[in-house]
*Asks:* 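For reference, the structure I am asking about is given below.
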Amino acid sequence: MKTIAFTALRESVERKKAAIGWIDDEASTDDLRNSGKTRTPAKREMLARIENRAMAAGRPHLKSNY
């Protein structure tokens, strides 16, 4: 198995992003986000609980479509 340092992996990813013209910003991340259209009710409830707990603790939360 080949071992690669995390920094080398990160540099490789950044080079590939530059080669294809990928702009790593919030809008492009939102475009990749799961739409949540087929999410189960249990998963929707779980995501809502996570968001509520994060907000109650004054912590940032991940955007979720639920």
Side-chain angles (χ1 to χ4, degrees):
M1 176 167 55
K2 181 179 178 182
T3 301
I4 184 169
F6 183 75
T7 53
L9 174 63
R10 177 80 177 165
E11 290 168 358
S12 172
V13 169
E14 292 302 323
R15 280 193 305 274
K16 289 179 182 180
K17 284 181 180 180
I20 64 170
W22 181 262
I23 298 171
D24 210 2
D25 60 4
E26 191 170 332
S28 60
T29 300
D30 284 342
D31 287 344
L32 295 172
R33 201 172 302 283
N34 184 329
S35 70
K37 291 178 183 175
T38 61
R39 202 160 272 152
T40 65
K43 180 74 177 261
R44 292 175 195 274
E45 291 172 17
M46 181 188 68
L47 291 171
R49 284 193 312 270
I50 291 169
E51 183 174 335
N52 290 335
R53 288 178 63 192
M55 290 187 331
R59 305 287 301 215
H61 59 87
L62 298 175
K63 286 184 179 180
S64 298
N65 296 319
Y66 56 92

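Note: hydrogens, waters and symmetry copies are ignored here, and every other heavy atom, side chains too, is used. We're numbering straight along the sequence, starting at 1. Just so it is clear, the model here is predicted, and its values are computed rather than measured.
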*Asks:* Heavy atoms only: give me the nearest Ala54-Pro60 pair and the separation to one decimal.
*Replies:* CB-O, 4.1 Å
*Asks:* Answer whether the closest heavy-atom distance between the side chains of Thr29 and Glu26 falls below 4.5 Å.
*Replies:* no
*Asks:* Evaluate Ile50 against Arg53 for side chain to side chain contact (heavy atoms under 4.5 Å, CB included), listing each step before the verdict.
*Replies:* CA-CA 5 Å; Ile50 291 169; Arg53 288 178 63 192; 5.9 Å; no
*Asks:* Would you kindly confirm whether Val13 and Ile4 end up in one hydrophobic cluster when ILVMFWY residues are joined by side chain heavy atoms under 4.5 Å apart?
*Replies:* yes
*Asks:* Is it true that the side chains of Ser28 and Asp31 contain a donor and an acceptor less than 3.5 Å apart?
*Replies:* no
*Asks:* Leu47 and side chain to side chain contact (heavy atoms under 4.5 Å, CB included): which single residue from Arg49, Arg44, Lys43 fits?
*Replies:* Lys43
